[in-house]
Structure formats: structure tokens, C-alpha cells
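One structure is given here, and the rest of the page talks about it.
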Protein chains: 2
Amino acid sequence: MNLKELSTLLGLSQTTVSRALNGYPEVNEETRRRVALAAEQHNYRPNSRAKGLATGRAMAIGHVIPMSTKHEMVNPIFGDFIAGAGETYSRNGYDMVLTVVEDVNEAQAYRNIRSRHTVDGVVVHGPKMQDSRISLLKEIGLPFVVHGRASGIAQDYSWLDVNNKSAFARATDFLLDLGHQRIGLINGLEGMDFAHRRRAGYEEALIARGIAPDPAIMRSEEMTEIFGYRSAREMLAADEPPTAFLASSMICALGVRRAIEERGLRMGRDISVITHDDALSYLQNGSDVPIFTATRSSVREAGRRLAEILIERINNPDGPLIHELLEAELMVGQSTGPAPREAQ
Amino acid sequence: MNLKELSTLLGLSQTTVSRALNGYPEVNEETRRRVALAAEQHNYRPNSRAKGLATGRAMAIGHVIPMSTKHEMVNPIFGDFIAGAGETYSRNGYDMVLTVVEDVNEAQAYRNIRSRHTVDGVVVHGPKMQDSRISLLKEIGLPFVVHGRASGIAQDYSWLDVNNKSAFARATDFLLDLGHQRIGLINGLEGMDFAHRRRAGYEEALIARGIAPDPAIMRSEEMTEIFGYRSAREMLAADEPPTAFLASSMICALGVRRAIEERGLRMGRDISVITHDDALSYLQNGSDVPIFTATRSSVREAGRRLAEILIERINNPDGPLIHELLEAELMVGQSTGPAPREAQ
DNA sequence: AATCATTTTCAAAGCGCTTTGGATGTCTGC
DNA sequence: GCAGACATCCAAAGCGCTTTGAAAATGATT
């Protein structure tokens with residue numbers, strides 16, 4: 001059933017039917033009801049391609065997911081982010097289109113998206129420092145918002161970010177207050193902006209208490225369980241092992257916990273751990289009492305909000321740029337405790 | 001730059017340029033080269049909506065993700081599946097469009113997709129027993145493939161599945177061979193087809209050795225870490241605790257391990273664990289030696305293959321239905337060992 | 001040189017919608 | 001009873017592409 005069929009069926013012109021369905025005022029309320037009813041009954045929905053062609057709007061938003069052939073890693077937060085954003089999209093009648101692309105072809109993918117007019121805007125994920133996508137998107141004129149920020153970019157753009165720096169500074173402070181002096185950092189890839197900021201928060205908090213950051217107990221990698229495990233194990237086996245760890249993700253933290261327990265130590269008593277918790281649906285941090293003391297910020301909520309910002313931007317491309325900085329909450333769980341005596 | 005502009009720029013008709021670009025034979029090679037070059041230089045790409053409208057094909061494939069307001073759970077395998085499928089899609093020029101929808105509106109979402117012509121086909125995720133989506137999709141005539149199978153459906157359809165039953169039967173056998181007699185099952189939601197099949201494999205293997213399945217040591221839930229932890233803890237605390245567990249996902253297994261270690265037991269010595277491993281990129285099961293003994297099957301690979309099957313189906317809707325059953329490999333890791341003497 | 005077959009190119013229609021610029025009908029006030 | 005205002009509807013153009021059917025150019029054959 002298409003518009004033409006529906007309109008002949010109703011004995012009306014396509015114009016009138018279209019207007020009735022799209023809520024234009026110049027149509028009799030009686031007629032509008034008739035049209036709406038018939039559309040409902042015949043399960044009519046406008047062909048989105050035709051509509052898009054006519055209106056010049058795709059009613060779709062793009063997400064390009066770069067896939068490194070080496071790392072072969074999918075960001076585990078992606079699912080939850082999508083769920084959040086998707087909620088906003090469907091509420092506003094937008095589709096979500098994903099493009100998986102080899103990372104070397106990422107720029108080309110954006111150009112492609114732009115010239116093919118497949119989407120009205122894109123969400124930029126996982127910004128790196130000096131991220132080149134931002135100027136590219138500005139240049140080609142594709143509306144976008146960034147989930148996170150990119151240090152070292154002069155241009156302004158819309159973003160929503162967790163205050164990674166203050167979160168990790170607070171977490172570090174919390175550990176220092178408990179008497180920990182040697183705190184290992186198990187961070188994401190150094191090129192990632194969030195990892196950079198987290199390290200900055202951590203280092204500043206240490207320095208503020210007169211402790212020099214020690215590169216020997218700072219690691220930076222793709223945030224897997226294995227990485228958390230290995231890093232913690234190595235640091236614990238070294239001279240002057242840390243009495244506490246700061247981990248950048250729950251999955252890392254699970255690895256850290258494994259290393260601790262493998263060594264016969266007890267998390268929360270012998271070794272403290274604080275992790276960042278993205279509030280992933282399949283990795284809840286305990287139920288009533290959190291297992292890990294954590295800096296918590298829901299990535300799903302971020303997705304929801306970011307989608308709103310982008311849609312606003314699409315509807316009003318010359319509107320003000322939006323910057324939203326969310327504070328992570330520090331949730332005290334069972335993984336932290338006073339530094340053991342002998343280590344103080 | 002659109003086709004019209006490009007063609008006047010070249011002094012050719014739109015027809016010729018279109019044909020040149022789409023590889024039709026009736027165009028001079030010399031002209032084709034000229035056209036290709038100009039297209040390249042001016043970064044021309046056909047408007048996908050216009051193209052879709054003209055050809056009647058969306059060159060896009062849909063995935064609808066039902067979101068329960070209660071569970072609020074995103075399947076953690078989703079990211080990796082998407083990555084795999086996305087690879088196939090981009091190789092074949094398809095876009096991937098996701099629709100997040102409240103589960104109660106799922107059927108309506110498919111109808112919607114169908115009548116709006118947004119995609120050429122869909123992938124059905126996480127089939128339940130007697131899954132109603134299959135007959136719906138048949139009815140509305142939207143090409144589809146299923147990731148998994150749906151027991152209790154009379155109609156035939158294309159699917160790709162892991163042999164869950166044989167995988168869990170083998171895993172159970174493996175544990176039985178090691179002398180374990182009481183094996184706890186920590187499974188996914190009972191309504192899910194895969195969970196059903198896994199339980200069937202587990203039960204049959206037990207019965208074949210004259211052991212009656214005991215409902216007291218079988219759990220079924222959304223597969224979170226917490227669920228794995230709680231289930232294992234409860235079972236270990238009960239009379240006649242299991243000496244081994246069979247878990248349906250790595251994330252569950254991490255919880256199981258936590259419960260074991262919390263009790264002061266050692267996984268692989270005191271308690272054995274086998275898990276199903278979907279080979280998620282951020283949850284590798286160890287590096288050289290697997291941590292968990294596991295039945296392993298890459299969900300990413302499944303995504304890749306399933307996408308191929310669907311595209312084939314779209315190109316040839318009357319072709320034969322395809323059924324692919326992948327055998328999971330049993331990888332022996334450090335989490336299994338002979339049953340402790342006193343328990344035998 | 002004329003004819004026919006083949007290659008190469010083109011004008012125009014059509015995909016299903018929105019939207020512009022009327023046309024028609026109805027109502028008001030004088 | 002008629003001009004003007006307003007409400008309601010419509011025909012047709014246009015969005016950017018593909019594709020049909022025909023025309024023009026070229027080459028081969030007599």
C-alpha cells in the first residue's frame with residue numbers, strides 16, 4: 001500500500017492524504033480522521049526512501065565503528081550505549097545506522113556517508129587525543145556530537161563527557177585517605193582521551209600529596225580481563241608492590257581481582273581496588289552493596305542524552321554547541337579498606 | 001555533487017554516467033575511465049535514498065533489538081556479533097540499521113520496517129522457544145535469517161546455530177569422565193532456545209550414565225556475573241554441593257569463580273568449571289592456556305556467516321533455505337580437574 | 001557508396017513521497 | 001447580491017537516481 005493507492009481508495013488527492021497524515025492544518029478534521037483510519041486499517045506507512053528523497057532528510061543517525069585488524073576489539077560498552085541512544089532515536093522517529101569499517105578507511109567512510117546522504121548526523125565514539133575526525137566532520141559539514149572529548153583540538157564542537165579527571169582524582173584521594181601510598185594504575189590505551197584524563201587526575205592527586213607518580217606501576221592497554229590480570233600480577237610480584245589499584249573498567253577490575261586472589265591475598269583487606277564502572281547491564285557491580293568501590297557513570301544514560309543533543313543539532317544546525325560534563329559518583333564498595341600496616 | 005551535475009560537467013547524459021559507474025557493458029571503456037576519474041575527483045557517490053527508490057532495494061539490513069523495560073539487559077554478545085556481520089555488510093555494500101524497541105512493540109516494529117521499506121532483510125536474534133517472530137516475518141514477507149533456532153516451530157527457515165546440545169553433552173561427559181557426579185548447571189533464561197538445548201544436552205549426558213538430573217543444582221536466569229556468583233554460592237553452601245559447574249557464558253563463569261574463591265576453594269582443584277565461551281573480544285579466555293575449560297564458538301564468526309546467508313537470501317528469495325550447525329570446540333583449560341576423592 | 005549490424009549515447013519516464021501555487025467552494029459583511 | 005476572506009482540496013513539479021526505448025555514430029559488408 002502506497003500513498004497513491006491509499007488516496008485513490010479514499011477518493012482524495014495524494015496531497016491531501018499526505019497533509020492529513022503529517023498534521024498540516026489545511027485539512028478538514030473529519031477528512032483527517034477518515035484518512036488516519038484508512039491508513040491504520042491498511043497498515044500504510046510512507047516509504048522512508050521516498051520520503052527522505054522528498055524532504056531531504058534521512059531520519060537516520062550514523063555510528064561508524066572502526067575495527068582494527070590487529071586489535072579486533074569491540075568496545076564492550078557499545079551495546080549499552082546503543083541501547084540508550086536507540087531509545088531516544090525511536091522516540092523521535094530516527095533509525096540508527098551502523099557502519100563497521102577498517103580503521104584505516106575511517107575518514108573515507110565518513111566522506112562516503114556524507115555524500116551518499118544516508119544519515120543526518122553521526123555520533124563520534126571513543127575520541128582520541130588530537131582526534132582527526134572532528135575537523136574532518138566540520139570540513140565536510142556533517143552534523144555530529146562526540147561521546148567524550150578530544151584534547152588538543154582547537155575547534156569547538158558538541159560533546160558529552162564524564163569528568164574522568166575529577167573522578168580519578170577523587171578515587172585516588174579516597175585511597176590516599178585510607179593510607180595507601182603506592183597505587184597502581186591500570187588504564188585504557190594511552191591514545192584515548194579518557195585514559196589521558198584519568199591519568200591526569202590520578203597524577204595530580206598524588207602530586208598534591210607529595211607523591212611522585214611511578215611509571216613502574218602504571219599500565220595502559222586495551223581494557224580486557226587478561227590485561228587487568230597480567231598488570232596486577234606483575235606489579236604485585238615486583239619489589240614495592242602497590243597496596244591499591246585503580247582500574248579503568250569493570251572488566252579490567254575482574255582481572256585485577258583474579259591476580260589478587262591467585263596470590264592468596266584478599267581484595268579489600270590486603271589490596272584495595274577502585275574501578276570505573278560504566279554501569280553495563282550485564283556487569284552490574286553487585287546488587288545492594290557494590291563489590292567494587294567505583295566511580296560510576298551510566299554509559300546508557302550517556303547514549304540517551306547524546307542522541308538528544310545530536311537530534312537537536314540536526315534540527316537546528318546553527319544553534320549553540322552543547323557541552324555536558326557528567327560527574328561520576330564514587331560508590332564505596334567492599335573492595336577498599338585501610339592500607340595494611342606494614343605497607344604504610 | 002549529484003549525477004546531473006556530474007554528467008553536465010562531463011558533457012554526457014545521466015544515463016551514460018550512471019551506466020559507466022554501475023559497470024554496464026554498453027559504454028565505451030574510454031568513457032568509463034573518464035567518468036570514473038571525474039567521479040573520484042569530485043568525490044561523487046550516488047544518493048542512497050534516490051538509488052534505493054529507483055532500484056527498489058534499500059541495500060540495508062535490519063536488526064531489531066527488543067528492550068525489556070524490566071530486564072533492561074543488552075546482550076553482551078551483541079557487539080561482537082555486529083562486528084562480524086558488519087564486516088560482511090560493508091564488503092557487500094550494505095548498511096546495517098538497528099531498531100531498539102520495547103519488547104511489547106516488537107511485532108509492530110517488524111511490520112513498520114516492512115512497510116516503510118527501510119531494509120531488505122533482517123537478522124533475528126536470540127530466538128525463544130515457539131518464537132513468534134518467525135511466522136510473523138514469513139507472513140509479512142520480509143527476508144530473514146535466525147541466529148539460533150526456535151524449537152517448536154513447524155515452518156522451515158534459514159538459520160545458523162551452534163550445536164548447543166552436543167556441546168553441553170560433551171562438556172558434561174568430560175566432567176563425568178573426571179569423576180564428577182554432582183554437576184551444577186548455570187544456564188541462561190529458560191525461555192531461550194539455546195538454554196533449552198544446553199539443558200537437554202546436559203541432562204541426556206547425565207542420564208546416559210545413570211545420574212538423575214537434580215533441579216536443586218540447576219539455575220536459569222539472565223546471564224550476569226552476579227547470577228553466576230549467587231547461583232554457585234548457594235549451591236556450594238547447600239548440602240551435597242556440586243563438585244563441578246557448567247556455565248552458559250564467560251560472564252557467568254567469572255561469577256562462579258568468585259563464589260568458589262570466596263569460599264576458600266580453588267577452581268580446577270576443588271571445584272571444576274566448564275563454561276561456554278562466545279570468544280568475545282574483550283573477554284578472552286586466557287592467552288596461551290585457557291583459564292576456563294570451555295565449549296567455544298565465535299559469535300563474531302557467526303555474525304559474518306549469517307550476514308552472508310541473509311544477503312544470499314535477499315538476492316535469491318526463492319533459493320533453498322540454509323541451515324548451518326556449527327560444532328563448538330571443547331578447549332581444555334585450567335578450570336577442570338579430577339573430582340576430589342571425598343566427593344567421589 | 002549504400003546497407004546493415006553493432007556500439008555508444010541520450011531523452012524521458014518512473015520510483016513514492018512532499019510541497020508549491022493554484023482552484024474551488026463556503027461564509028461573512030455590506 | 002457581490003467582493004473579499006477563509007477553509008479545503010488538488011494538479012503538477014521536483015527530490016536524485018535507474019532503466020526503457022530510441023537515436024546517433026561507427027564499422028563491416030556488399
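Every value quoted in this text rests on a predicted model; they were computed, and no experiment measured them.
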Contact residues, residues 2-11 of chain B to DNA chain C [heavy atom, < 4.0 Å]: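 Going residue by residue through residues 2-11 of chain B, the ones with a heavy atom under 4.0 Å of DNA chain C turn out to be Gly11(B).
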Nucleic acid contacts of residues 47-61 of chain B, taken as heavy-atom distances under 4.0 Å to DNA chain C: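 When residues 47-61 of chain B is checked for heavy atoms under 4.0 Å from DNA chain C, the hits, listed by number, are Leu53(B), Ala54(B).
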Going by ring pair (Phe, Tyr, Trp, His ring centres under 6.0 Å), name the residues that satisfy it together with [X], two or more places apart in sequence or in a different chain.
X	result
His323(A)	Trp159(A)
Phe194(B)	none
Tyr110(B)	none
Phe81(B)	His125(B), His147(B)

Short side-chain to backbone donor-acceptor contact, Tyr157(A) and Ala150(A), under 3.5 Å: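 Judged by distance alone, yes, a pair lies under 3.5 Å.
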Side-chain donor or acceptor of Asn105(A) paired with backbone N/O of Gln108(A) under 3.5 Å: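 Answer holds: no.
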Distance below 4.0 Å between Ser13(A) side-chain N/O and dC10(D) OP1 or OP2: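 Yes, because at least one side-chain N or O of Ser13(A) sits under 4.0 Å from OP1 or OP2 of dC10(D).
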Phosphate-side-chain proximity, Tyr24(B) and dT19(D), N/O vs OP1/OP2 below 4.0 Å: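 Affirmative; the distance criterion is met.
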Between Asn315(A) and Arg57(A): side-chain donor-acceptor atoms closer than 3.5 Å: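 On atom types as modelled, these side chains qualify, holding a pair under 3.5 Å.
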Modelled atom types, side-chain donor and acceptor of Ser13(A) and Thr16(A), under 3.5 Å: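 Yes, a side-chain donor-acceptor pair sits under 3.5 Å.
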Side-chain touch Asp80(B)/Asp278(B), heavy atoms, less than 4.5 angstrom: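 Asp80(B) vs Asp278(B): side chains apart.
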Any side-chain heavy-atom pair of Tyr89(B) and Arg304(B) under 4.5 Å: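 Not touching, per the 4.5 Å side-chain cut-off.
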N/O contacts under 3.5 Å, protein versus nucleotides 6-8 of chain D?
none

Angle between terminal axes - the helix from dA1(C)-dT30(D) to dC30(C)-dG1(D), 5 pairs each end, rounded to 10°: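 For the helix from dA1(C)-dT30(D) to dC30(C)-dG1(D), the axes at opposite ends meet at about 60°.
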From Met96(B) atom CE to His63(A) atom NE2, the distance as rounded to the nearest 0.5 Å: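 So the gap between those two atoms works out to 11.0 Å.
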Salt bridge (charged side-chain N to carboxylate O under 4.0 Å, His left out) against Glu324(B), all qualifying residues, sequence neighbours excluded: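 Once residues adjacent in sequence are excluded, the partners of Glu324(B) under the salt bridge (charged side-chain N to carboxylate O under 4.0 Å, His left out) criterion are Arg305(B).
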Polar side-chain contact Thr15(B)-dT19(D) base: donor and acceptor under 3.5 Å: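 Answer yes: a donor N or O sits under 3.5 Å from an acceptor.
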Those residues of residues 111-121 of chain A lying under 4.0 Å from DNA chain D by at least one heavy atom: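 Per residue number, the list is empty: none.
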Range on DNA chain C touched by chain A, heavy atoms, distance below 4.0 Å: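 On DNA chain C, the outermost contacted nucleotides are dG16(C) to dG21(C).
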Salt bridge check, [Y] against [X]: does any charged N sit closer than 4.0 Å to a carboxylate O?
X	Y	result
Asp161(B)	Arg149(B)	yes
Arg114(B)	Glu139(B)	no
Asp95(A)	Arg116(B)	yes

Residue list, side chain to side chain donor-acceptor pair (under 3.5 Å) with Asn2(A), at least two apart or on another chain: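 Not a single residue meets the side chain to side chain donor-acceptor pair (under 3.5 Å) criterion with Asn2(A).
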Residue among Val17(B), Leu9(B), Leu21(B) satisfying side-chain contact (heavy atoms from CB on, under 4.5 Å) with Tyr44(B):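 Result: among Val17(B), Leu9(B), Leu21(B), Leu21(B) is the only option passing the side-chain contact (heavy atoms from CB on, under 4.5 Å) with Tyr44(B).
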More than 12 heavy atoms of other groups within 6.0 Å of Lys4(B) NZ: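 No, because the 6.0 Å sphere around NZ of Lys4(B) holds 12 heavy atoms or fewer from other groups.
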Rounded interatomic separation in angstrom, taking CG from Leu21(B) and P from dT19(D):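 Distance, rounded to whole Å: 13 Å.
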